[in-house]
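Written below as structure tokens is the structure these notes are about.
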Protein chains: 2
Amino acid sequence: MMIYNDLLAIIGDADRVTINETVREQHSKGLTYHAGKLPDIVVFPITEDEVVEIVKYASVNKIAIVPFGAGSSLEGHVIPLNRGISLDFTLMNSVVSVQPEDFLVKVQPGVTRKQLNLYLKKHGLFFPVDPGADATIGGMSATNASGTNAVAYGTMKRNVLGLRAVLANGDVISAGGETIKSSAGYNLTELFVGSEGTLGIFTEITLKLSGVPEETIAAKAYFSDVVTAGAAAEMVLQAGVRIGKIELVDAKTIEAVNHYKGTAYKEMPTLFLEYSGSKEEVETGITFIEQLMAEAGSRDFEYERDSLRRAELWDARHSAAIAIVNQKPNQLLVSTDVCVPISELSKGISYSRGVIEKYNIDAALLGHVGDGNFHAVFGVNPNDPDEMERFHKMNDEIISYALQHRGTCTGEHGVGMGKIPYLEMEKSSSLQVMKAIKATLDPDNILNPGKIFINKEIEASV
Amino acid sequence: MMIYNDLLAIIGDADRVTINETVREQHSKGLTYHAGKLPDIVVFPITEDEVVEIVKYASVNKIAIVPFGAGSSLEGHVIPLNRGISLDFTLMNSVVSVQPEDFLVKVQPGVTRKQLNLYLKKHGLFFPVDPGADATIGGMSATNASGTNAVAYGTMKRNVLGLRAVLANGDVISAGGETIKSSAGYNLTELFVGSEGTLGIFTEITLKLSGVPEETIAAKAYFSDVVTAGAAAEMVLQAGVRIGKIELVDAKTIEAVNHYKGTAYKEMPTLFLEYSGSKEEVETGITFIEQLMAEAGSRDFEYERDSLRRAELWDARHSAAIAIVNQKPNQLLVSTDVCVPISELSKGISYSRGVIEKYNIDAALLGHVGDGNFHAVFGVNPNDPDEMERFHKMNDEIISYALQHRGTCTGEHGVGMGKIPYLEMEKSSSLQVMKAIKATLDPDNILNPGKIFINKEIEASV
């Protein structure tokens, strides 16, 4: 095969260039239901120079390239729709340098979140963005990932200070830098963060770190209904409490966890909270939060300081998705991902529970209440057309509701393949600008083609 | 004049279209030394539709347009280098809507920061970005402004959730939205924030608001030297203290304030701090900060709760720039604006004081220590060639130092005209991408031409 010989000549190491069926199969799909497609070849670069040479080769020959990290995407980002090269960053997983005194670290894109936090432990620092999966920093940057810590620490875009990227023509650019602030020209860093591999391929990412707080308290508050729980969360935010995490889980979800794990958690809408700071800050903070929860009508309030007990306290939240997905064998995890303004959240969750019941789906409902982002998470059998149809209808109705209530179709998972039609509805006016930027930077559409949007102008020219 | 008649026909109100010499003169320059240039005409739009019609007219006739807000730019952003239309947003200054429960507000671009905060007071909310001047939200968005609150609340880019902008071809786009988080396609909001009027003209901006904290304490800590003071600030950040403001003022600056105001502030490097939260949080927080300052070698520590006394305590910080500029009559304020990683800050300030003394300049040195951004602020007589030469040499040396120490030439003032050669040094690799985006979105270079960079490809084609 010519592509194999050509890429082998570039890489010079047969262990890192493969057309092996099993490896290609592993690089054909993400975590969930989107139909996979085999890449022609999988390459494991170890240096930026190699990435540059591969991209130049792909550019000359108009071959598609899809960057691949942990493969934990929920929207089909890593699927090589136009075949071509799957560029696996697993081996480009070094911490390049750490400057603890500046709260920053430079990493290669294949470094995973857990790997990084293990590395940072000795410095008393951590990287706060936690999407759940042990994703790579490259993948998390590509989708602007977030998770439960976002209410306190923001999403990836707030924590990526700079990056190096290889453009479609093989040029390497350096965007952003090592300072917390800058007004030096267009904010390319935050244009590339969230661009899902369609504008450039990351080769190095500079991250802002945070100090590990001296003390953390985890808490739970129970409510009679979701709307009251949502209003309680709003009160916390309105009071200016600098909450670390604030998550809402609905009663049906707790019921499922109890059923799956044999636990006896109160089957009521529950707010899971975390508050961090100095010992004294935490002490006064938790008292204040307890008061707020009582005023907001909480039926009960519990909290724990010890790290093991904190984990136990939060167990129902952490176990929710797995409990739901593992109810039946051979299920693929699927998740909705809408985000709405805070005041729309509890109504949105109530509405979504109704839709889920209408389609007779066993879904957990989890809300990042501080951000207005919530997920209906469950397992599907992609080979069951009836189940898939019910999933798509439910997804469609929840997204339509969110868009009608000032929301977005994706809070943190990204567009990938799965959200393309919804992005067209949501961003009708600005999609032309996105497409124009894509066409300028990648005129032959070789970088992760078919993701975020279908660029007819580009497609036609290729 | 044809342009007058044409624009009058569009606007239909002779009070809002003018070629009056005095008004054009007012729109010919920013606050500081950059040489002004008269626009051909000044127009005061009151609706988005009017902005669209003006831009369409300018597009067809290839006439330059420069948006104008409060005119408080420090880098010549508002100077109509290619003449044409100065688009004054003073009359487009309504709060469009406020959703207190969602912590968000939509404003027209001419709303000023102080006007907005006065409006928000009744809701117990405020907009935290404070660049000092009573700038417009449009201008602050255009330069990605920040100021003393940035360490706690971030810069404009973190506080602009969405915007409407008129593109060079007259199309209106809506970017971002009303949610705290989104991964829905390219992050155009943060591409347009900081684009200095070169990519589009803002007609509406959606801002994230913050709750007014229950209690605020202001504090001062004195140190024997700048490096020790800088290290103390670093300790605060490293300890994860959620500081509200943290500013460093050097001894020479305090000396100038005392000289100008007849005060007797200790002429030592001083850290000015602010800490906010609930009553209890603030109480424990300030005790912790005092301990940290003592450990870091502070010579003395003072703090105040009452709002009037807080202002008195911070007086030396607030008065520094004005004290310096008003030492002599008829001076124009100039300011450097470098930003470096935190650990480079105190060394950078020491170095800069040396450069200032070498050129025999009376400058205040003020550092946003939490962000690594610091300013040498002083007054110049733009007609004194010797003084201007010393200013440019000093500016050049401080910027070179910052770029050699992993810094940026502009932390918050933007590039405008003044930083163009420095941006070329700083962003050599990514400037081509910025220029390509500009050429795609504004092929005739009508939107604020000559700012951020000189786009030779565009200039040649026009």
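Residue numbers begin at 1 in each chain, while the letters A, B, ... track the order of the sequences.
With respect to chain B, the highest number of heavy-atom pairs below 4.5 Å among A:Thr287, A:Leu431, A:Thr284, A:Ile180 belongs to A:Thr284. Ranked by heavy-atom pairs shorter than 4.5 Å toward chain A, the options B:Ala150, B:Gly414, B:Gly194 are led by B:Gly414. Contacts with chain A were tallied for B:Gly211, B:Pro341, B:Ala145; B:Pro341 has the most, counting heavy-atom pairs under 4.5 Å. Interface remark: of the candidates A:Leu161, A:Ile342, A:Val241, A:Thr410, A:Thr410 forms the most heavy-atom pairs closer than 4.5 Å to chain B. Per-residue heavy-atom pair counts under 4.5 Å with chain B were compared for A:Asn373, A:Thr408, A:Val193, A:Val212, and the maximum is reached by A:Thr408. If you tally non-hydrogen atom pairs under 4.5 Å between each of B:Leu345, B:Thr198, B:Asp337, B:Leu209 and chain A, the highest count goes to B:Thr198. In terms of non-hydrogen atom pairs under 4.5 Å with chain A, the most contact-rich of B:Leu199, B:Leu441, B:Val340, B:Val338 is B:Leu199.
Both the backbone and the side chain of A:Ala184 have a heavy atom closer than 4.5 Å to some heavy atom of chain B. No part of A:Lys451 comes within reach of chain B, as not one of its non-hydrogen atoms sits under 4.5 angstrom from that chain. With a threshold of 4.5 angstrom between heavy atoms, A:Asp371 approaches chain B through its backbone and through its side chain. With a threshold of 4.5 angstrom between heavy atoms, A:Thr189 does not approach chain B through any atom at all. When heavy atoms are compared at a cutoff of 4.5 Å, B:Val151 does not approach chain A at all. Contact annotation for B:Lys427: only side-chain heavy atoms (C-beta onward) come within less than 4.5 Å of a heavy atom of chain A. For B:Ala436, the parts lying near chain A are the backbone and the side chain together; criterion is any non-hydrogen pair under 4.5 Å. Residue contact with chain B, scored on non-hydrogen atoms closer than 4.5 Å, involves the side chain of A:Arg158 exclusively. The contact between A:Glu426 and chain B is made entirely by side chain atoms (from C-beta outward), counting heavy-atom distances below 4.5 Å. When heavy atoms are compared at a cutoff of 4.5 Å, B:Ser276 approaches chain A solely by way of its backbone atoms N, CA, C and O. Neither the backbone nor the side chain of A:Pro213 comes within less than 4.5 Å of any heavy atom in chain B. For chain A, the nearby part of B:Phe453 is the side chain; its heavy atoms alone come within less than 4.5 Å. Only the side chain of A:Leu167 comes within contact range of chain B, with at least one heavy atom under 4.5 Å from a heavy atom of that chain. At a 4.5 Å heavy-atom cutoff, B:Lys279 makes no contact with chain A through either its backbone or its side chain. For chain B, no part of A:Val282 is nearby; none of its heavy atoms comes within less than 4.5 Å. For A:Asp171, the part lying under 4.5 angstrom from a heavy atom of chain B is the side chain only.
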Would A:Thr179 and B:Arg406 count as a side chain to side chain contact (heavy atoms under 4.5 Å, CB included) if you check the C-alpha gap in whole Å, the side-chain angles of each, and the deciding distance to 0.1 Å? CA-CA 8 Å; A:Thr179 59; B:Arg406 305 180 285 138; over 6 Å; no

Pair A:Glu280, B:Glu281 - check side chain to side chain contact (heavy atoms under 4.5 Å, CB included), show working. CA-CA 8 Å; A:Glu280 295 79 8; B:Glu281 284 175 326; over 6 Å; no

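Taking CE of B:Met235 as the reference point, atom CD of A:Glu101 lies at 15.0 Å (rounded to 0.5 Å).
Between B:Asn187 and A:Glu190, the shortest heavy-atom contact is CB-O, 3.1 Å. Annotation for A:Glu234 and B:Phe103: closest pair O-CZ, 4.5 Å, computed over non-hydrogen atoms. Taking each heavy atom of A:Ile173 and B:Gln432 in turn, the nearest pair found is CG2-NE2, 4.0 Å.
Between A:Ser183 and B:Thr143, every side-chain heavy-atom pair lies at or beyond the 4.5 Å cut-off. Side-chain contact between B:Leu191 and A:Ile437 is present, with at least one heavy-atom pair separated by less than 4.5 Å.
Side-chain contact, B:Thr440 with A:Thr440: a donor N or O sits under 3.5 Å from an acceptor N or O. For the residue pair B:Tyr186/A:Ser430, the side-chain donor-acceptor check at 3.5 Å is not satisfied. Counting only N and O atoms by type, the side chains of B:Lys181 and A:Thr155 include no donor and acceptor under 3.5 Å apart.
Under the 6.0 Å distance and 45° angle rule, B:Arg242 counts as a cation-pi partner of A:Tyr275.
A donor-acceptor pair is defined here as one N or O able to donate and one able to accept, closer than 3.5 Å; such a pair exists between the side chain of B:Asn144 and the backbone of A:Ser182.
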